[in-house]
**Student:** 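Would you mind keeping the following structure in view while I ask a few things?
Letters go in sequence order (proteins before strands), and every chain restarts at 1.
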Amino acid sequence: MEHTEPHSTEPEMANRQGAAQRPNGAQGKICQFKLVLLGESAVGKSSLVLRFVKGQFHEYQESTIGAAFLTQTVCLDDTTVKFEIWDTAGQERYHSLAPMYYRGAQAAIVVYDITNQDTFGRAKTWVKELQRQASPTIVIALAGNKQDLANKRMVEYEEAQTYAEENGLLFMETSAKTALNVNDIFLAIAKKLPKYDQNQGQSGQGQGRRLAEGDQGAKTPGNCCK
Amino acid sequence: MLSINQDIFEIIQAKFSSSEVVRCIHLNVSLFTELSNEEYRILALVTKKSNSALFLFFCKKPNPIHLSDLFIETVIPIDENFECFSDTILGEDKYLLFIVKYRNFILEFRIKTGLESSNFASEIIKCKERSLYENCDHRWLFKYSDVKSPLDCTENKSQSPDIPFVRQNMAQNQNAINRESMLKYQLKLKEPEFTQYQEFTIFTGTWNVNGQLPSISLKPWLSCDTEPPDLYAVGFQEIDLSKEAFLFNDTPREAEWEKMVLEGVHPNAKYRTVALTRLVGIQLIVLINIKHYQHIKNVAVDTVGTGLLGKMGNKGGVAVRLDLHNTSLCFVNSHLAAHVEEFERRNQDYKDINARINFRRHPTAIKDHDQIYWLGDLNYRITELTTSQVKTLLLRNEMATLLKADQLNQQKERGNVLLDYNELDITFPPTYKYDLNSDTFDTSEKARPPAWTDRILYRGKGIYQQKYRSHMELRISDHKPVSALFKSEISVINQAKYRKVHEELLKRMDKLENEFLPQVTVDQTEIKFDLVRFREPQFRDIIIANTGQVPAEFEFIKKLDEQSYCKEWLRITPYCGTVNPGEKCDIRLEVNLETDLVELDDILVLHLNGGKDMFIIVTGKGQRSSFTTSMRALCRMSKPIMTLDDEQYRKIIALDGEVLYSVPRELWLLVDHLYTHGLTVKDLFESNSTQDSFIRLRDWLDFGSTEPISVSVETVAETLLIFLSYTKEPVIPSNLQNVAIAASSNYHNCKNIINEKLPDIHRNVFLYICMFLQELLRHSSENGYDAKTLASLFGEILLRDPIRNSKPQASRGKSNFIYNFLVNDLSTSIIPIK
């Protein structure tokens with residue numbers, strides 16, 4: 001047990017992510033971040049997560065109805081970043097629920113399908129929405145998925161890259177199928193995220209695990225209808 | 001005695017906040033399991049509101065004077081898991097064994113039998129009994145969570161799920177904490193994979209300087225080897241024998257000797273002081289070759305006095321602990337009790353030092369270090385030999401005989417001191433006692449026999465002693481300095497390998513964590529209701545099945561900026577719960593439409609605590625009904641609402657079209673039926689008709705029929721109340737209600753409101769109802785109604801609160817308002833109907 005300051009019961013202290021101590025005494029920080037995936041349905045959001053977290057790929061990935069949740073840790077030189085990944089439903093009918101997931105997120109991956117121009121357009125509106133509604137410090141990455149189908153490409157690499165540059169986004173073309181750039185895009189986000197020693201995820205009230213339980217109002221049981 | 005107790009009581013209370021009250025304390029407690037019976041512990045029973053806990057304090061001295069003399073060692077909450085009992089100790093009738101148990105956590109105390117102990121025990125039992133009737137909330141104890149407590153006993157992990165308060169506290173980052181300790185533990189297990197041993201030379205020295213001034217160079221002692229060591233631990237005893245040093249523990253010699261040491265170290269390397277600690281004349285300096293400085297971490301020191309009264313600093317020990325790379329090192333310099341015959345006292349001093357040195361950080365005790373170097377004037381002598389015998393044996397170099405007579409060797413062999421410590425064979429002459437400035441053994445009258453009082457021992461893995469010697473050329477003291485040179489294996493982390501192991505562990509933990517996320521499936525994610533009709537509830541059941549490996553706590557949660565987790569026409573039971581792995585749970589969705597909503601549409605968010613969310617879409621179509629349509633629209637309908645085509649309906653709803661009736665047709669049908677059949681029926685409005693007959697009458701009105709009304713007159717009466725209760729706007733519109741209530745004491749004002757403020761149709765309806773009620777009152781002898789009862793019943797309805805406003809307001813004013821219209825002649829109010 002660390003012999004440091006007395007434990008406080010204040011929520012922000014309780015939420016303090018303890019720094020794992022390396023055996024040699026160096027402080028290897030573990031920073032925890034909430035990351036949300038957004039994009040048109042069937043562009044491969046769940047597949048990207050599945051590839052990143054489990055190293056798997058299913059040709060016929062079920063449509064996500066809800067928001068799937070997984071965690072994954074990546075190690076940087078001096079810190080360890082733990083992502084809490086919320087993979088959201090892409091169908092338009094669930095659009096109104098998206099803020100529940102991107103609010104309080106420190107990172108977002110907006111995904112489109114390089115073989116479908118419409119999905120790129122939709123990605124742009126997601127970026128716009130994030131820039132307007134999400135945390136101003138959110139790190140946004142643009143992923144042009146299905147790079148393995150480059151022969152059916154409808155969205156030019158340069159076009160997306162230019163757009164990403166203009167909007168300050170990380171950009172990579174990825175393939176959940178071949179694993180191209182999948183780890184890399186998460187790693188790039190991890191590197192770009194600011195690593196303060198405390199309170200990652202305090203700014204928002206995502207209703208995700210841990211971040212939300214103590215958050216005011218985010219999860220009080222709804223009033224009964226009657 | 002009592003006053004001492006009182007003082008200590010106050011000191012202990014001062015350790016707590018004012019809301020945490022010390023109820024009683026028990027002094028002089030010792031841990032039964034500990035070797036020494038020193039009663040250096042105090043038990044305190046502390047209460048906060050209705051919660052209690054037992055605190056075990058460790059005291060630096062038997063009777064603490066300052067706050068800093070005490071620290072909390074263990075906290076045990078008193079609740080249903082707490083047990084305590086006493087037992088006798090064999091062969092000791094003055095003491096008893098007091099056992100405290102919290103689940104698997106057991107502490108055994110040895111306490112004196114008597115009034116103090118029986119009072120204390122009865123207080124604890126009182127608290128325990130009280131805890132059984134109160135809800136225990138131990139959160140106030142969490143601030144002491146850095147002390148040992150059964151609450152955080154990790155060995156009991158398998159049991160932890162049923163410690164509710166731990167779980168509550170950890171709700172936010174329980175996983176983070178478990179994960180971290182898990183990671184530490186796993187890393188420890190895998191240490192060999194990412195560490196390698198590297199040899200460090202460690203020079204340790206001890207010298208009792210007999211209070212002499214540091215006047216000579218220490219180089220012959222500290223720099224006698226060809227290669228510079230990596231680390232020095234240099235201990236002195238008796239650097240200052242003055243009263244001032246003894247009483248105030250302050251001496252200028254400290255800095256002087258440090259300076260001499262720094263000047264005396266090996267010239268071929270640069271050194272830096274890592275730690276310096278001193279108790280009166282016992283001083284220990286640890287230096288590190290500057291190139292290793294950055295690899296020293298977690299340095300801590302402590303001192304223990306074992307001299308006069310068992311606690312003064314003229315004798316005792318000082319210790320420094322540190323981590324060098326990945327190996328924990330502890331250096332102890334001790335000056336044990338003097339005199340030939342006092343070897344048992346020396347043994348005891350050694351035990352006390354071990355028991356009482358506390359580095360206040362992990363590891364806290366000397367014994368818990370990877371490598372321990374114990375040096376000092378241990379004061380063990382040569383026994384059973386006279387001075388001249390010793391001298392003769394020395395001259396004949398019969399070391400074996402002499403060493404056999406060495407008390408330390410004897411006591412060590414018997415397991416009384418420095419158990420498990422190693423010492424290299426002594427090849428140097430005894431280091432005590434010499435005439436000052438000479439190499440001659442004591443020639444004074446006392447002529448003490450020479451002895452190897454100054455020793456260096458070690459314990460731990462990978463320590464290889466190279467040299468063990470005394471340094472005759474340092475002559476200012478009656479002792480000669482001793483030094484030991486070690487080659488010690490220090491575990492050094494290979495950063496690249498460490499990173500790899502660390503990353504692999506994290507990946508494995510991620511995998512575990514993801515596997516143990518709650519997982520459920522729901523049998524349907526789209527619920528479609530059939531045509532939903534006014535006040536005709538429909539149900540759909542969904543099944544939540546736990547397909548994961550852990551219990552799933554589910555809850556329907558609110559969407560952002562919404563008041564409730566579902567729309568007001570929907571009801572979910574249960575809206576939260578827990579499903580165990582492999583089990584299922586039925587959730588009932590009930591829709592009940594009481595408005596004119598046509599498109600029913602909602603997305604439910606089913607959240608798993610600590611896991612994913614699922615969306616469930618609920619849709620349905622509401623059927624139009626005269627009950628939820630505005631009266632102004634109804635008065636424009638020439639035929640039943642369901643017989644209108646969409647276009648007609650749309651126009652009428654938009655109030656496009658001629659007003660055909662002064663009151664809605666449906667209202668007239670109901671009232672007319674009551675006029676003809678109900679005036680003399682007793683308790684007309686008080687029967688509960690069946691849902692079925694209500695629906696028949698509703699459809700009779702909405703669809704129209706050539707058949708006469710086929711339900712009971714009571715059903716018609718109740719339906720009238722329902723009709724008036726759900727009209728799109730209350731008969732007296734919401735914005736006029738306060739005015740109406742304010743006017744309720746004056747009929748004239750009431751009448752003005754009705755005549756001037758109400759929209760035509762509402763006025764017609766209002767007066768129509770009132771006239772009907774007046775008619776009803778004319779038959780009060782048969783139906784049993786009086787004006788007050790009817791005013792109260794209809795006041796609530798005609799001036800109804802907006803639907804779902806939970807607090808009905810000023811119902812008295814409402815009924816007063818209506819009352820005016822039931823007892824006064826309405827003929828003057830009636831405006832000719834067009």
**Student:** Any side-chain heavy atom of A:Lys82 sitting closer than 4.5 Å to one from B:Glu513?
**Tutor:**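 A side-chain contact exists here, since the closest heavy-atom pair is under 4.5 Å.
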**Student:** Side chain, backbone, both or neither: which part of B:Ile617 has an atom under 4.5 Å from a heavy atom of chain A?
**Tutor:**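 Side chain only.
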**Student:** Look up atom CG in A:Leu97 and atom NZ in B:Lys559, then write down how far apart they are to the nearest 0.5 Å.
**Tutor:**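 Atom-to-atom, A:Leu97:CG and B:Lys559:NZ are 6.5 Å apart.
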**Student:** Counting only non-hydrogen atoms closer than 4.5 Å, does B:Glu526 touch chain A with its backbone (N, CA, C, O), its side chain (CB onward), both, or neither?
**Tutor:**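 Contact with chain A: side chain only.
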**Student:** Can you confirm whether A:Glu62 is buried at CD, in the sense that more than 12 heavy atoms of other residues, nucleotides or ligands lie under 6.0 Å from that atom?
**Tutor:**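 No - once you tally the heavy atoms of other residues, nucleotides and ligands closer than 6.0 Å, there are 12 at most.
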**Student:** Looking at B:Glu503, B:Glu562, B:Lys188, which makes the most heavy-atom pairs under 4.5 Å with chain A?
**Tutor:**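 The answer is B:Glu503.
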**Student:** Decide if atom NZ of A:Lys192 counts as having more than 12 heavy atoms of other residues, nucleotides or ligands within a radius under 6.0 Å.
**Tutor:**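 For A:Lys192, atom NZ is crowded (more than 12 foreign heavy atoms under 6.0 Å).
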**Student:** How close do A:Ala89 and B:Phe615 get, heavy atom to heavy atom, and via which atoms?
**Tutor:**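 What the structure gives for the nearest pair is CB-CE1, 4.1 Å.
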**Student:** Give, for atom NZ of B:Lys511 and atom OG1 of A:Thr71, the distance between the pair rounded to the nearest 0.5 Å.
**Tutor:**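 One finds 13.0 Å between NZ of B:Lys511 and OG1 of A:Thr71.
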**Student:** If you compare all heavy atoms of B:His502 against all heavy atoms of A:Cys75, which two are closest, and at what distance to 0.1 Å?
**Tutor:**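 Taking B:His502 first and A:Cys75 second, the nearest heavy atoms are ND1-SG, 4.2 Å.
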**Student:** Does any part of the side chain of A:Arg103, heavy atoms only, come nearer than 4.5 Å to the side chain of B:Leu560, both counted from C-beta?
**Tutor:**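 Side chain of B:Leu560 against side chain of A:Arg103, heavy atoms only: contact under 4.5 Å found.
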**Student:** Is it the case that more than 12 heavy atoms not belonging to A:Phe57 sit under 6.0 Å from its CZ atom?
**Tutor:**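 Yes, CZ of A:Phe57 has more than 12 neighbouring heavy atoms, counting only those of other groups under 6.0 Å.
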**Student:** Look up atom CG in B:Leu183 and atom OG1 in A:Thr73, then write down how far apart they are to the nearest 0.5 Å.
**Tutor:**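 With rounding to 0.5 Å, CG (B:Leu183) is 9.0 Å from OG1 (A:Thr73).
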**Student:** Below 4.5 Å, heavy-atom pairs only: which of B:Thr525, B:Thr195, B:Asp510, B:Asp561 has the largest tally toward chain A?
**Tutor:**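 Counting heavy-atom pairs under 4.5 Å, the top option is B:Asp510.
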**Student:** Counting only heavy atoms not in B:Tyr185, do more than 12 sit closer than 6.0 Å to its OH atom?
**Tutor:**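 No, OH of B:Tyr185 has 12 or fewer neighbouring heavy atoms, counting only those of other groups under 6.0 Å.
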**Student:** Would you give the length of the straight line joining atom CD1 of A:Ile65 to atom CG of B:Leu606, rounded to the nearest 0.5 angstrom?
**Tutor:**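 That separation rounds to 12.5 Å.
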**Student:** Between atom CG of A:Leu76 and atom CZ of B:Arg499, what is the distance when rounded to the nearest 0.5 Å?
**Tutor:**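 So the gap between those two atoms works out to 10.0 Å.
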**Student:** Return the CG to CD distance between A:Leu70 and B:Glu515, rounded to the nearest 0.5 Å.
**Tutor:**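 Going from the CG atom of A:Leu70 to the CD atom of B:Glu515 covers 11.0 Å.
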**Student:** So what's closer than 4.5 Å to chain A heavy atoms on B:Lys507: side chain, backbone, both or neither?
**Tutor:**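 For B:Lys507, the side chain is the part near chain A, not the backbone.
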**Student:** Side chains of B:Leu608 and A:Phe69: does their closest heavy-atom pair fall under 4.5 Å?
**Tutor:**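 No; the side chains remain at least 4.5 Å from each other.
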**Student:** So which part of A:Val53 gets closer than 4.5 Å to some heavy atom of chain B, the side chain, the backbone, both or neither?
**Tutor:**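 It is the side chain, since no backbone atom gets that close.
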